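Fair warning: this is a prediction, and the values are worked out from it, not measured in the lab. When reading the values below, keep in mind they use all heavy atoms of this one structure, side chains included, and skip hydrogens, waters and symmetry mates. We name chains A, B, ... by the order of the sequence lines, and we start the count at 1 in each one.
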Number of protein chains: 4
Amino acid sequence: MKRVNKTEFSDGLAEPDTRARILEAALAEFARHGFAGARVDHIAQLAGINKAMIYYHFASKDKLYESAIEEYVAGFIGELSGKVSSGEGIEGILESMADTYRRVLGSDPYARQILLRELAYPRGKILSRIASVIRDSGVPATLAAILREGAKVEKFRPIDVRQAQASFVLMNIGYFLMAPIINEVLALEDIGNFVNERRSAVIDLFLNGVRAR
Amino acid sequence: MKRVNKTEFSDGLAEPDTRARILEAALAEFARHGFAGARVDHIAQLAGINKAMIYYHFASKDKLYESAIEEYVAGFIGELSGKVSSGEGIEGILESMADTYRRVLGSDPYARQILLRELAYPRGKILSRIASVIRDSGVPATLAAILREGAKVEKFRPIDVRQAQASFVLMNIGYFLMAPIINEVLALEDIGNFVNERRSAVIDLFLNGVRAR
Amino acid sequence: MKRVNKTEFSDGLAEPDTRARILEAALAEFARHGFAGARVDHIAQLAGINKAMIYYHFASKDKLYESAIEEYVAGFIGELSGKVSSGEGIEGILESMADTYRRVLGSDPYARQILLRELAYPRGKILSRIASVIRDSGVPATLAAILREGAKVEKFRPIDVRQAQASFVLMNIGYFLMAPIINEVLALEDIGNFVNERRSAVIDLFLNGVRAR
Amino acid sequence: MKRVNKTEFSDGLAEPDTRARILEAALAEFARHGFAGARVDHIAQLAGINKAMIYYHFASKDKLYESAIEEYVAGFIGELSGKVSSGEGIEGILESMADTYRRVLGSDPYARQILLRELAYPRGKILSRIASVIRDSGVPATLAAILREGAKVEKFRPIDVRQAQASFVLMNIGYFLMAPIINEVLALEDIGNFVNERRSAVIDLFLNGVRAR
DNA sequence: GATGAATGAGCCTTCATTCAT
DNA sequence: CATGAATGAAGGCTCATTCAT
């Protein structure tokens with residue numbers, strides 16, 4: 001907040017400021033071990049600072065968790081918002097959504113863990129925060145609008161739009177959450193392929209599912 | 001396993017044997033607090049026995065966790081297998097699957113927590129065990145067979161069967177896992193209704209999605 | 001409370017039970033270093049037990065302090081009560097009081113420290129407890145009665161009995177509390193002598209102070 | 001000592017210099033919480049300065065304590081000395097002593113705490129310092145002289161002067177130290193009254209106690 | 001089987017003290 | 001003089017695990 005990089009004119013190898021380093025280390029530790037399993041000692045080691053510094057910058061392990069997750073979630077705001085322009089048509093928006101989910105949950109090292117952890121043992125208002133970020137991105141509303149407009153002109157079948165929204169999201173996100181089980185149940189040997197093809201398979205199923213006959 | 005009822009000659013009002021009580025208490029505690037957050041003391045208290053008894057029956061907290069989850073997962077074997085007869089047609093099998101997922105994840109007090117926990121922080125081979133139970137139930141294979149047969153006679157479109165399997169499962173299971181976020185993003189006010197209508201909405205989307213045009 | 005000596009029939013060298021050992025060690029540590037200065041680790045060492053045992057028997061450092069002091073103060077109940085029979089006359093009761101004060105504050109290793117500590121930084125209701133023990137001993141009431149009776153028959157001057165009570169107590173107790181300063185101000189070289197003679201000096205001053213002329 | 005007013009050329013509204021502010025804050029903190037219970041952080045906060053400043057002016061918490069108490073005790077030197085002129089007679093000197101004790105221990109916010117604390121857990125040579133201040137005031141010597149002179153002319157009984165000195169001091173000071181217990185044992189309801197009347201009650205008892213018959 | 005007591009290692013947090021600026 | 005940041009060494013408390021009975 002009122003923090004300034006402490007080595008502005010120095011050797012160029014300026015180490016990131018302590019508070020940020022702590023938050024990053026905390027995120028990694030919490031993602032890997034959950035809240036109860038995370039060790040403050042370990043976070044300090046990861047951040048390369050003295051353990052007491054954590055309590056200098058944050059009041060407690062609890063507050064540190066909140067701060068780390070909050071900052072992490074806030075980081076996605078820019079990424080998600082404005083990704084969709086209704087002009088692209090339904091294929092465009094579905095592709096955009098699928099891409100975003102994949103990028104966030106398939107590449108980001110912490111998103112999946114944090115999300116699962118919070119779903120299992122909610123702490124504070126983090127789930128609400130995540131929901132806000134998604135809703136405020138405008139994507140769900142845009143998809144809903146398209147489905148409703150399409151139903152009027154009989155391009156789409158008159159279905160429950162909310163159920164459809166949920167279904168599309170879950171087909172996409174759900175895979176990343178449940179991959180270990182899905183992959184084993186389906187006895188997948190070419191997981192990379194499966195993931196790559198999933199985007200179009202999901203969109204195909206969805207579009208055929210909602211399109212009027 | 002090797003346990004004997006402890007009140008063989010007693011009054012007939014035999015209380016459940018200790019080992020079982022421990023396992024039940026452990027499941028509840030682990031589901032509620034995760035592995036690291038669970039307290040052996042608390043489990044003993046829940047089971048109404050002395051803490052040392054836990055170590056008499058189980059080698060460690062780790063082993064206790066494994067035993068509790070293993071026994072819990074094993075309990076679903078009978079429930080899932082034989083639920084599907086391919087004679088019921090595709091609607092029948094989809095309904096049967098949707099019902100089962102809902103019963104397990106929507107009513108059972110521990111399933112959702114344990115599943116999320118294991119997905120986030122896998123311990124031992126529990127995820128594999130879950131996958132085995134699902135696969136051994138024969139349901140996925142039956143669904144795959146129906147989709148393939150249907151594709152041959154052009155009843156269904158020629159799609160990737162594995163992707164379709166995954167999609168159907170995720171639309172169903174995914175909701176229970178992610179309900180807190182889904183509900184808030186969609187600003188649901190009638191959650192009960194939404195859940196009740198979800199089964200047919202999902203089946204409807206899926207069938208239209210795979211059916212030939 | 002519900003504690004039984006654990007080595008009833010053993011070698012006769014039965015070690016005192018743990019709880020009592022902890023209380024004794026705690027008293028010593030608290031008396032020597034005060035509450036904030038006392039170290040739980042040190043108490044455990046003094047008691048010859050593992051630090052965790054302290055928390056097995058007592059909830060916290062706070063509670064341990066309360067328990068230790070409470071038990072300590074309670075130990076004086078028997079010692080103080082019934083020490084005075086009004087039949088002994090005023091000299092008798094004054095001597096008895098002076099002796100008791102001297103025994104408690106001059107010989108007991110902890111009384112002075114605990115009393116000073118509590119007077120400076122009261123914790124819980126310990127000062128009240130001490131007051132109760134003194135009052136319940138009946139001694140102050142007996143002294144007051146004697147002074148009042150004596151005033152009626154003009155054996156004593158008509159003075160404020162409460163002030164007199166306070167004065168007598170303070171001349172006795174006060175010395176033990178303030179000895180380091182008193183001794184130095186008076187440049188005493190024969191402290192032992194001074195203490196020995198104090199009893200009769202105080203009683204002499206007091207009796208002449210209250211006696212009618 | 002070697003300090004200079006920090007705002008020599010400033011607006012004239014010079015704030016008290018830092019060193020003095022630290023000493024004042026330290027005295028308050030030490031009086032309230034004792035040495036071990038006092039927090040350097042808290043002292044800095046009370047003084048409205050940065051914690052490091054404390055270590056710039058004082059070497060350690062120990063030295064800070066000594067300095068604060070030393071300065072505090074030194075402040076009483078002027079107050080106590082020269083208060084007594086033997087010309088006032090014994091009543092005069094006793095009244096003067098009682099008044100001084102009451103003013104210091106009954107009104108000063110720290111004296112009682114500091115005195116009790118030092119008596120319980122002496123630190124450095126502070127008790128000696130206090131004794132010196134008292135002795136150097138000349139009051140005890142004056143009282144002793146009066147009692148000895150009076151004994152020669154048989155105005156006073158031939159008592160142990162040192163015991164009498166101690167007794168008078170303790171009747172006065174002792175009450176302030178032990179008030180919480182005294183008040184409760186005597187079940188005082190009019191404490192203010194009791195304190196007000198104490199001076200004359202003590203002097204009355206003492207004079208009658210030493211006066212020849 | 002069952003229990004109360006005991007333990008060692010570790011955990012979160014605090015605190016006096018120091019350093020760089 | 002003055003500050004914010006940093007640190008090492010505890011300090012109180014907890015927890016999985018074991019022991020004696």
Distance, nearest 0.5 Å, that separates CZ of R32(C) from OH of Y121(D): 11.0 Å
Just by distance, no angles: are the side chains of N50(B) and Y56(B) close enough, under 3.5 Å, to form a donor-acceptor pair? no
Just need the stems in DNA chain E: three or more back-to-back Watson-Crick or G-U pairs, each with both distances under 3.5 angstrom, sorted by first number. E:2-21 with F:2-21
Rounding to an integer number of Å, can you tell me how far I43(B) CD1 sits from dT14(F) C1'? 15 Å
Could you check if a side-chain atom of K51(D) sits within less than 4.5 angstrom of a side-chain atom of Q45(D), using non-hydrogen atoms only? no
Using a heavy-atom cut-off of 4.0 Å across all strands, would you classify I49(D) as base, sugar-phosphate, or nothing? sugar-phosphate
Spacing between Q45(C) atom CD and dA6(E) atom C1', to the nearest angstrom: 17 Å
Within this structure, what is the CZ-to-C1' distance between F58(C) and dA5(E), rounded to whole angstrom? 14 Å
R21(B) CZ to dA2(E) P, straight-line distance once rounded to whole Å: 9 Å
Return the value, rounded to whole Å, for the distance between atom NE2 of H33(A) and atom C1' of dC12(E). 17 Å
Nearest heavy-atom neighbours spanning A25(A) and I43(A): CB-O, 3.5 Å
Rounding to an integer number of Å, can you tell me how far I22(A) CD1 sits from dG4(F) P? 17 Å
Nucleotide dG4(F), atom C1' - distance to CD1 of I54(D) in whole Å: 15 Å
Non-hydrogen side-chain atoms of I49(A) and I54(A) separated by less than 4.5 Å: yes
Rounded to whole Å, please give me the gap between CE in M53(B) and P in dG1(E). 6 Å
Donor-acceptor contact present, side-chain E29(B) to main-chain H42(B), <3.5 Å: no
Which letter, B, S or -, goes with each nucleotide of nucleotides 16-21 of chain E from 5' to 3', with contact meaning a protein heavy atom under 4.0 Å? SBBB--
dG1(E) phosphate, OP1 or OP2, under 4.0 Å from T18(B) side-chain N/O: no
H57(C) vs dG4(E): side-chain N/O to OP1/OP2 distance below 4.0 Å: no
Any Y56(A) side-chain N or O less than 4.0 Å from OP1/OP2 of dA6(F): no
Mind checking what makes ring pair (Phe, Tyr, Trp, His ring centres under 6.0 Å) contact with F35(A), not counting sequence neighbours? F30(A), Y65(A)
Check whether any side-chain heavy atom of L46(D) lies under 4.5 Å from a side-chain heavy atom of E24(D), and answer yes or no. no
Is L119(A) close to R112(B) at the side-chain level, that is, under 4.5 Å between some pair of heavy atoms? yes
